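Presented below is the structure to which this report refers.
Below, read A as the first sequence line, B as the second, and so on, with proteins coming before strands; counting in each chain starts at 1. Bear in mind that the values here come from a model prediction, so they are computed numbers and not experimental data.
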2 protein chains.
Amino acid sequence: MTERTRLGISVALIIGLFLSACSTLRGTGDMGVVVEREQGRLHIIEHSGNTQLHLVDGLGDLSHASVVYSRDARFAFVFGRDGGLTKVDLLKGKVSKRIKQAGNSIGGAVSQDGSLVAVSNYDPGGVRIFDSATLDLVADIPAVGAGGARSKVVGLVDAPENRFVFTLYDAGEIWVADLEDRVNPEVTRFRHVGQQPYDALLTPNGRYYIAGLFGEDGMVMLDLWHVERGVRRILPQYGRAGEKLPVYKMPHLEGWAIADNRAFVPAVGRHEVLVIDCSSWTEVARIPVHGQPVFVMAQPASRQVWVNFAMPDNDTVQVIDTERLRVVKDLRPGPAVLHMEFTPRGERVWMSVRDDDRVAVYDTVSFERIAELAVDKPSGIFFSSRAHRVGL
Amino acid sequence: MTERTRLGISVALIIGLFLSACSTLRGTGDMGVVVEREQGRLHIIEHSGNTQLHLVDGLGDLSHASVVYSRDARFAFVFGRDGGLTKVDLLKGKVSKRIKQAGNSIGGAVSQDGSLVAVSNYDPGGVRIFDSATLDLVADIPAVGAGGARSKVVGLVDAPENRFVFTLYDAGEIWVADLEDRVNPEVTRFRHVGQQPYDALLTPNGRYYIAGLFGEDGMVMLDLWHVERGVRRILPQYGRAGEKLPVYKMPHLEGWAIADNRAFVPAVGRHEVLVIDCSSWTEVARIPVHGQPVFVMAQPASRQVWVNFAMPDNDTVQVIDTERLRVVKDLRPGPAVLHMEFTPRGERVWMSVRDDDRVAVYDTVSFERIAELAVDKPSGIFFSSRAHRVGL
């Protein structure tokens with residue numbers, strides 16, 4: 001090879017690198033990920049043109065995986081069932097860093113200022129908090145309940161003022177960790193809140209942390225503006241209400257939709273969506289629906305909430321008008337609709353149709369299906385605009 | 001020069017280009033712009049590290065300029081007073097395209113689906129709508145009122161279902177343009193709504209369009225869920241209430257803060273913030289403040305609203321607790337605080353201190369000033385997270 005040829009090849013290589021760098025120069029406001037549950041992979045997508053950009057492999061066990069974002073909306077933090085915490089670069093389409101931080105984890109959250117990422121673990125039960133830039137361990141909070149035993153942790157959310165709030169399933173406790181001193185978090189513990197709190201949510205205004213109970217009826221609520229008032233019971237009838245109804249899937253609480261000071265809440269075991277007044281925290285109406293609701297999600301800037309269902313009705317999605325309090329649209333996206341995600345301003349919704357190995361995109365005005373993407377057993381869909389929201 | 005030297009220089013040049021491309025590979029979720037009002041320039045900034053990234057020149061007359069974003073949060077659309085519409089690339093730090101689309105314009109909005117950008121013009125009075133990718137003209141809507149004369153247009157916002165809503169100042173009308181057929185928008189006109197509607201806002205849920213009146217007291221409201229009900233009067237006392245109070249600056253309506261179903265609204269001419277119940281649209285309280293309020297802005301996921309003031313009190317910012325309904329903090333950022341912008345999750349707020357040629361960044365928990373940036377006569381500050389919100 002002559003020197004000239006060698007140099008020519010170098011130039012070509014460099015131009016190639018340059019073009020590949022240029023091709024990834026793009027805004028990250030319309031990006032997101034779709035989880036391939038069984039393959040342990042992530043599709044990186046964009047929702048302006050509804051296309052797949054990258055397929056990222058090697059993420060471990062992604063059954064029930066969830067995803068949150070860095071404050072610049074460039075990196076996804078993926079929480080796997082195998083205790084893996086993976087930081088994925090949306091622009092480069094690859095893993096930036098991956099650690100095994102526990103044996104079994106269930107979810108996570110990014111602090112309000114973006115500097116920390118917290119993971120809730122089943123095994124060993126507790127919360128571990130990492131620097132979001134490096135994934136170095138910053139703090140470890142073992143979940144040892146009043147009885148002295150370690151507990152599984154569920155319902156972890158970030159809350160205003162750099163706090164994380166989470167629930168101890170086995171111990172029946174709610175803890176608030178204040179990360180102002182990030183190495184020595186100040187933890188406030190609420191003991192004996194109820195039997196087996198299994199999931200929780202933070203209302204969109206960042207004020208109320210609400211946990212559902214698996215071991216008894218009712219829910220428990222902590223007002224983060226007034227933690228000194230402690231945890232109180234709300235909705236004493238919420239749950240199976242003593243009846244031994246078959247429950248095919250416990251509804252997701254993250255899915256609570258709040259519109260006009262009313263919450264739209266999946267009933268447990270019943271074919272109903274409950275309407276709750278958010279001032280009195282009492283039930284004001286019930287809306288009959290097609291099956292046992294799993295997610296009840298508010299379409300942004302709209303009066304519509306969208307509902308998917310547990311087996312055997314999980315081929316269906318219904319749309320409720322929150323003013324008329326009734327179903328206004330029935331859709332049959334396909335077998336096993338597991339998750340829905342709205343574009344940030346609500347004009348479209350993406351749905352995982354697991355048993356048909358595809359994601360379907362619907363227009364929220366015409367209810368028409370406007371795009372489809374091939375994805376192997378899709379489960380969770382998470383758009384990067386979540387970077388800007390509290391309580392996820 | 002030998003061939004080897006020439007090739008060496010080419011390689012170095014290409015590496016330089018490559019590095020410069022790499023240096024702009026970044027997420028756009030934490031970016032934004034600060035307007036230099038008198039220089040006609042834009043600082044492109046990022047609010048993770050609070051730094052300036054680029055200075056973009058040649059934007060024409062930026063007095064009272066406003067900015068909205070493309071749905072991928074990469075491009076800023078800048079509306080100048082000289083009728084200029086400029087599309088700025090945040091990543092490259094330069095103008096992508098600039099057109100002079102009218103003689104005098106006042107603001108604009110991006111459609112819910114991101115495909116269109118609309119501009120409201122004083123001269124010639126009307127709204128022009130452009131393709132957001134190319135800035136090609138898509139539709140022209142002259143604002144000819146019931147009296148047959150052309151009117152200045154104010155209070156333009158995007159609304160759900162690809163609509164734009166705007167107000168005819170001289171004609172006293174509110175128009176809703178439906179862009180489902182983008183070349184032939186369907187326009188619904190509400191005539192004789194009141195005298196000289198001077199500004200308007202859309203509530204964050206995308207439902208109520210509310211315009212303030214300069215020529216008389218009271219406000220007018222259109223319920224976008226029920227346009228068939230027409231425009232109705234609310235808050236009949238809102239305004240100067242017959243008294244000839246000196247008004248140093250009409251308050252900005254965009255700044256309405258809504259918390260817990262109550263709106264916090266700047267009084268006109270009085271040292272008060274009004275508290276409005278959003279179900280009955282009546283005044284329920286008044287909070288005494290330091291001066292004539294201009295912007296009353298809700299801190300995201302918080303019970304705090306922040307208020308700045310007209311001359312001669314415009315060196316001050318006050319923080320109101322929306323639960324206790326009183327001022328809880330006084331800040332003196334410096335002379336002529338023109339605008340404030342919160343980081344998307346509310347942990348920090350940026351303020352333009354015009355007469356000190358700087359932008360100050362405050363922590364919203366400690367109220368401490370944590371950064372300062374040198375900017376010549378800063379006015380508006382607009383973060384890219386606005387890409388994901390309706391009604392701006």
Who pairs with [X] by side chain to side chain contact (heavy atoms under 4.5 Å, CB included), at least two apart in sequence or on another chain?
X	answer
A/S115	A/S111, A/D113, A/R182
B/V361	B/N50, B/R348, B/W350, B/I370, B/A371, B/L373
B/E46	B/R26, B/D30, B/S48, B/T51, B/L53

Output the option from A/H388, A/H47, A/R389, A/R207 having the highest count of non-hydrogen pairs under 4.5 Å with chain B.
A/H388
Between A/V110, A/L202, A/T364, which shows the greatest number of heavy-atom pairs under 4.5 Å with chain B?
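Looking at each option in turn, the highest pair count goes to A/V110.
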In Å and rounded to the nearest 0.5 Å, what is the [atom1] to [atom2] distance from [X] to [Y]?
X	Y	atom1	atom2	answer
A/T322	B/W225	OG1	CH2	4.5 Å
A/S385	B/R71	OG	CZ	9.0 Å
B/S279	A/N261	OG	CG	7.5 Å

Tell me, do B/R345 and A/D158 make a side-chain contact under 4.5 Å, heavy atoms counted?
yes
With a 4.5 Å cut-off on side-chain heavy atoms, are A/M31 and B/D72 touching?
no
Select, from B/S302, B/P300, B/G346, B/P344, the one with the greatest count of heavy-atom pairs under 4.5 Å involving chain A.
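Of B/S302, B/P300, B/G346, B/P344, B/P344 has the most heavy-atom pairs under 4.5 Å with chain A.
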Quick check: are there more than 12 heavy atoms from other residues, nucleotides or ligands sitting under 6.0 Å from [atom1] of [X]?
X	atom1	value
A/E186	CD	no
B/R163	CZ	yes
B/E323	CD	yes

Atom group of A/V365 that falls short of 4.5 Å from chain B, counting heavy atoms
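Contact with chain B is through the side chain of A/V365 alone.
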So what's closer than 4.5 Å to chain A heavy atoms on B/R303: side chain, backbone, both or neither?
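B/R303 touches chain A through backbone and side-chain heavy atoms alike.
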Could you tell me which non-hydrogen atom of A/V390 sits nearest to which non-hydrogen atom of B/A301, and how far apart they are?
CG2-CB, 3.8 Å
How about residues 88-97 of chain A versus chain B: which residues have heavy atoms under 4.5 Å apart?
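Hits under 4.5 Å: A/L91, A/K92.
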